Amino acid sequence: MLIEIINGLEASIKQDVLNKFADDYTKIVAITSIINQRETSFLNSINEIANQENISVALAKKVINTACNTVRMTYGLDTKDY
């Protein structure tokens with residue numbers, strides 16, 4: 001699940017942002033927005049994700065947080081912990 005989240009986020013960022021915007025500030029804002037939107041979407045489905053993966057909700061949250069932070073670090077953004 002962690003790899004799928006990371007790959008999905010990175011693919012979204014490359015497709016939606018890196019090829020469309022020229023200046024770095026606009027890219028950073030767009031990348032941050034995509035990561036935050038995806039993270040919120042995952043967290044809104046946390047019970048379903050935990051059930052599908054047969055793991056606890058707490059572990060599912062940690063996996064999502066780690067995945068999103070890994071992508072944030074890839075682009076030099078601050079990480080979030082919860």
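Since the structure is predicted, the reported quantities are computational estimates derived from the model, not experimental observations.
Listed by chain and residue number, Glu39 satisfy the salt bridge (charged side-chain N to carboxylate O under 4.0 Å, His left out) test with Arg72 (two or more places apart in sequence, or in another chain).
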| Between Thr70 and Leu9, does a side-chain contact (heavy atoms from CB on, under 4.5 Å) hold up when you go through it step by step? | CA-CA 10 Å; Thr70 299; Leu9 278 171; over 6 Å; no

| Please walk me through it: do Arg38 and Cys68 pass side-chain contact (heavy atoms from CB on, under 4.5 Å)? | CA-CA 9 Å; Arg38 283 287 186 91; Cys68 292; 5.7 Å; no

| request: Take Phe42 and Ile49 through the test side-chain contact (heavy atoms from CB on, under 4.5 Å) and record every step on the way to the result. | output: CA-CA 8 Å; Phe42 289 133; Ile49 291 169; 4.1 Å; yes

| request: Take Thr26 and Asp23 through the side-chain hydrogen bond (donor to acceptor under 3.5 Å, both in side chains) test and state the conclusion after the steps. | output: CA-CA 6 Å; Thr26 304; Asp23 69 274; 2.7 Å; yes

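Taking OG of Ser12 as the reference point, atom CD1 of Ile31 lies at 11.5 Å (rounded to 0.5 Å). To the nearest 0.5 Å, the span separating CG on Asn7 from CD on Glu4 amounts to 8.5 Å. Considering OH of Tyr75 and OG1 of Thr32, their distance stands at 11.5 Å, rounded to 0.5 Å.
Considering all non-hydrogen atoms of both residues, Lys80 and Asn69 come closest at O-ND2, 2.7 Å. Nearest heavy-atom pair across Phe21 and Lys27 is O-CE, 2.6 Å.
Within the 4.5 Å cutoff, side-chain heavy atoms of Asn65 are placed close to those of Lys62.
Annotation: Lys61, atom NZ; neighbour count of heavy atoms from other residues, nucleotides and ligands within 6.0 Å does not exceed 12. Atom CG of Asn44 has more than 12 neighbouring heavy atoms from other residues, nucleotides or ligands inside a 6.0 Å radius.
Grouped with Val29 in one hydrophobic cluster are Tyr25, the linkage being side-chain heavy-atom contacts under 4.5 Å among Ile, Leu, Val, Met, Phe, Trp and Tyr residues.
Side-chain N/O atoms of Ser41 and Gln37 include no donor and acceptor closer than 3.5 Å.
In the hydrophobic cluster analysis, where Ile, Leu, Val, Met, Phe, Trp and Tyr join through side-chain heavy atoms closer than 4.5 angstrom, Ile5 is grouped together with Ile46.
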Would you give me the side-chain donor-acceptor pairs under 3.5 Å for residues 50-59, sequence neighbours excluded?
from  : atom 1 : to    : atom 2 : distance (Å)
Asn51 : ND2    : Asn47 : O      : 3.3
Gln52 : NE2    : Glu48 : OE2    : 3.3
Ser56 : OG     : Leu59 : N      : 3.0

